[in-house]
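A short write-up of the structure that comes next.
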Number of protein chains: 2
Amino acid sequence: MVELTKRDQEVLDAVVTDYINTGEPVGSRTISKRYGVKVSSATIRNVMADLEELGFLLQPHTSAGRIPTDKGLRFYLDFLMRYKSLEESERTMIRQAFQGIHKDLRETLRKTSRILSTFCRQAGVVLWPKITSTRFRHIEFIRLRPHQVMVVLISKSGLLHNHILDLKDDIGQDELDKYSHYLNDLLENVPLGEVKRRVLEEMKKEKVLFDELYAKALDMSQRVFQENLESGDVFIEGQTNLLNNPEFSDVQRLRRILEALEDKSRIVKLLDMTLETTGGVRITLGSESELKELREISLISSPYWRGDTLLGVLGVIGPLRMDYSRIIPVVEFTASLLSELLEEPEMV
Amino acid sequence: MVELTKRDQEVLDAVVTDYINTGEPVGSRTISKRYGVKVSSATIRNVMADLEELGFLLQPHTSAGRIPTDKGLRFYLDFLMRYKSLEESERTMIRQAFQGIHKDLRETLRKTSRILSTFCRQAGVVLWPKITSTRFRHIEFIRLRPHQVMVVLISKSGLLHNHILDLKDDIGQDELDKYSHYLNDLLENVPLGEVKRRVLEEMKKEKVLFDELYAKALDMSQRVFQENLESGDVFIEGQTNLLNNPEFSDVQRLRRILEALEDKSRIVKLLDMTLETTGGVRITLGSESELKELREISLISSPYWRGDTLLGVLGVIGPLRMDYSRIIPVVEFTASLLSELLEEPEMV
DNA sequence: GTTAGCACTCCACCCTGGAGAGTGCCAAGC
DNA sequence: GCTTGGCACTCTCCAGGGTGGAGTGCTAAC
């Protein structure tokens, strides 16, 4: 890593700040006049030339000002940015937006992503909790027709997962009810991530080996849990906010972005990447994500929790040029509010 | 209604056809040369002036050609358009796109809307079946915590509706199971639209009046069914296709459209309007819908069925200028394919 | 009623020149 | 040796003007 002098950093800071505010390339004179840099524009020109050589800035064309590269932006985000703390009035507004939320988890999450989008004027995203991150509450088998059964799985957090199984044998509803009953007793409160193991353990027990009903029930539950319960879902709201950004007024570019957002699996992937960390707010520039369709966008994300269980990620998607210093606190605050809300006992 | 002469109609037909193909205002010379109208351009100019006076055409500016007004377009759609029947190769392609569809109704509908969007290169929409249009299959009460119960309602078509109830009394899971059992017996196969009435009837019966369990169960089911089960949901896929239309290259206009589509309740309303009719494909111009945000778009829709039960509507949303003669057959064919598919027994 | 001809209108496009912003480099100053 | 003022240069943006093309409305002749 190349060392940047104090002054280099000041200039980089000023360029990024000004660029984020105006969206225009920044000239040397602007910096020496408007930001507290105590040298002349000529000196700044020299510094900027250095920064360009180091890959932090670039010139759209000769005789234009400089704009930050991804590398420059990343340096700014990591080392230079000072973010304002959220004003009390804004906190109150966000808190109010969460008022009157119902007990329905789904609606809560959708509303959260709407709140993010309106307060940040960009697209808001919320990654669903993975059903495996919570505990078993209830399983139910419903016979739809001969050889076909619908399985409804409910997690402690009130998440619902349903699924259709084809069976070799035809099993009556009464017997299915017995299965449900047995499994509900067996698996009560078991973390869904551990159910598989628990079922295997149980299968080895003597009472199961000699009881066809138990064996069948476990066999069926196995089929359910080997399904991919992981595949997350995501809410994206306020995509139209993206149209406000002048960088997306080019229809071709906008098209690329919206197409990328339409394929939710890609967004899930992106959000999943940021899920691994334990930290707070994290910023991912599209170019760092290996998904080249997302090159022109940036994600500000934060995990949300219930107690100390990591449930999912929420965040804001927008252009690389965003008002990070404002959006970061909003994302942070929203994540903490949501986590708080999810901890309340009457919240499923 | 003003009578249009044969020649008036020919000219109107030609103007609309040409405008749909090119998107440009159509001049008198184009018509006399390219379409089989056997009079000179001067005559056509006179006809066009008449049509303008009658409100069928308009001129974007003096010395430009004419484009059809909504009224002109409507006349064309109602009386003039001849639509090509779908080529066998296209039918096959659409049929193939439906292959490999799973048993999951939700996925089937999503895929249908994706098919519509790709084959028509516009946005595809599918309105969910209303849960009330099918029959009762199963109800289940799950105690989440003291005084709170999750209700899972499953329709014969495999639609799932879940909902959380707050209770004055705290009821144990065992008792809740008895409720489910009783209601599942009572309501088996009853059309969901009639459940309310059926429950009321049952409440008057003697055995119920003197049995607390029955009474409580019915009471609870009443609370579930008085909820709004009607509120339809809708899949909209391929919105980015709209960006291809040159009429939406203006970002302001595009923004209005996308914003309108983002508020799904509005689209549901629009689709609901077209649900009333029993006919086949129907075209709704935005200006006819009383939703002024949708003024600039057009909906080509068709109902879909299972047997002779009307389930929902599917269709294509695009600009007023669309290749109706192609899209109409596609929508029609897709609706019939979906209806067929839903009738197969292994399709839930 | 239909047509050819003509004058007219408006738009889209291109070219041009000037203003403005900003740079790089040089030579002088501290 | 870093900093600075000055200057020539570059590039974009925009307004103004000119041109060609498309299309119209009107009129007079058929």
Side-chain angles (χ1 to χ4, degrees), chain A residues 3-12 14-19 21-69 72 246-247 249-250, chain B residues 3-12 14-19 21-69 72 246-247 249-250:
Chain A
E3 290 280 319
L4 292 187
T5 68
K6 187 95 193 306
R7 194 167 65 193
D8 291 345
Q9 298 192 14
E10 272 175 43
V11 172
L12 180 56
V15 171
V16 178
T17 308
D18 199 81
Y19 177 67
N21 287 332
T22 65
E24 307 271 286
V26 189
S28 55
R29 208 152 159 268
T30 317
I31 293 184
S32 83
K33 266 191 358 195
R34 266 212 285 276
Y35 298 83
V37 189
K38 286 280 180 291
V39 287
S40 77
S41 66
T43 310
I44 296 195
R45 282 203 283 284
N46 293 328
V47 175
M48 283 166 110
D50 292 348
L51 287 171
E52 181 163 5
E53 210 167 322
L54 293 171
F56 290 98
L57 298 179
L58 66 82
Q59 250 178 323
H61 57 86
T62 11
S63 95
R66 260 49 176 232
I67 59 176
T69 59
E247 33 267 272
S249 64
D250 170 29
Chain B
E3 290 281 320
L4 292 187
T5 67
K6 186 95 193 306
R7 192 166 68 194
D8 291 344
Q9 297 191 14
E10 272 175 40
V11 171
L12 180 56
V15 171
V16 178
T17 308
D18 199 82
Y19 177 68
N21 287 332
T22 66
E24 307 271 289
V26 189
S28 54
R29 202 146 165 274
T30 316
I31 292 183
S32 83
K33 264 189 5 192
R34 266 212 285 276
Y35 298 84
V37 189
K38 288 277 180 292
V39 286
S40 78
S41 67
T43 311
I44 296 195
R45 280 202 284 285
N46 293 328
V47 175
M48 282 166 113
D50 292 349
L51 286 171
E52 180 164 4
E53 210 166 323
L54 293 171
F56 290 98
L57 298 179
L58 66 81
Q59 248 179 324
H61 58 84
T62 10
S63 95
R66 257 62 172 219
I67 59 177
T69 59
E247 33 267 272
S249 65
D250 170 30

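Everything quoted here is computed from the prediction, not taken from an experiment. Labels below follow one simple rule: chain letters A, B, ... track the order of the sequence lines, proteins then strands, and each chain is numbered from 1.
At distances below 3.5 Å, at least one donor-acceptor pair connects side-chain atoms of Thr69(A) with backbone N or O atoms of Gly55(A).
Here the rule is side chain to side chain contact (heavy atoms under 4.5 Å, CB included) with Val15(A), and of Leu51(A), Leu57(A), Ile67(A) only Leu57(A) fits it.
One interatomic measurement links the two molecules: CD1 of Ile44(A) to C1' of dG6(D), which rounds to 17 Å at whole-angstrom precision. Residue Arg29(B) contributes atom CZ, which lies 12 Å from atom C1' of dG21(D) at whole-angstrom precision. Rounded to whole angstrom, the span from the CG atom of Asn46(A) across to the P atom of dT4(D) amounts to 10 Å. With rounding to whole Å, Asp50(A) atom CG is found 12 Å from dC2(D) atom C1'.
In this structure, the side chains of Asp8(A) and Phe56(A) stay at 4.5 Å or more apart for every pair of heavy atoms. Taking the side chain as every heavy atom from C-beta outward, Leu4(B) and Leu54(B) approach each other to under 4.5 Å.
Ser41(A) comes within 4.0 angstrom of no nucleic acid atom, judged by non-hydrogen atoms across all strands.
Atom OG1 of Thr17(A) is separated from atom OH of Tyr35(A) by 5.5 Å, given to the nearest 0.5 angstrom. Between the CZ atom of Arg29(A) and the CD1 atom of Ile44(A) there is a distance of 11.5 Å, given to the nearest 0.5 Å. Put simply, CG on Leu58(A) and CE on Met48(A) are 11.0 Å apart, with the number rounded to the nearest 0.5 Å. From Arg7(A), atom CZ reaches atom NZ of Lys38(A) across 13.5 Å, with rounding to the nearest 0.5 Å. Note that the CD1 atom of Ile31(B) and the CG atom of Leu12(B) stand 9.0 Å from one another [nearest 0.5 Å].
Taking only side-chain nitrogens and oxygens, Ser40(A) never comes nearer than 4.0 Å to OP1 or OP2 of dT3(D).
A donor-acceptor contact under 3.5 Å is formed by the side chain of Arg45(A) with the base of dG6(D).
For Pro60(A) against Pro25(A), the heavy-atom pair with the smallest separation is CG-CG, 3.9 Å.
Within residues 58-68 of chain A, the residues having any heavy atom closer than 4.0 Å to DNA chain D are, in order of number, His61(A), Thr62(A), Ser63(A).
Where DNA chain C meets chain B (any atom under 4.0 Å from a heavy atom), the bounding nucleotides read 5' to 3' are dT2(C) to dC11(C).
Terminal axes of the helix from dG1(C)-dC30(D) to dC30(C)-dG1(D) (five pairs each, C1' rotation axis) are separated by 20°, to the nearest 10°.
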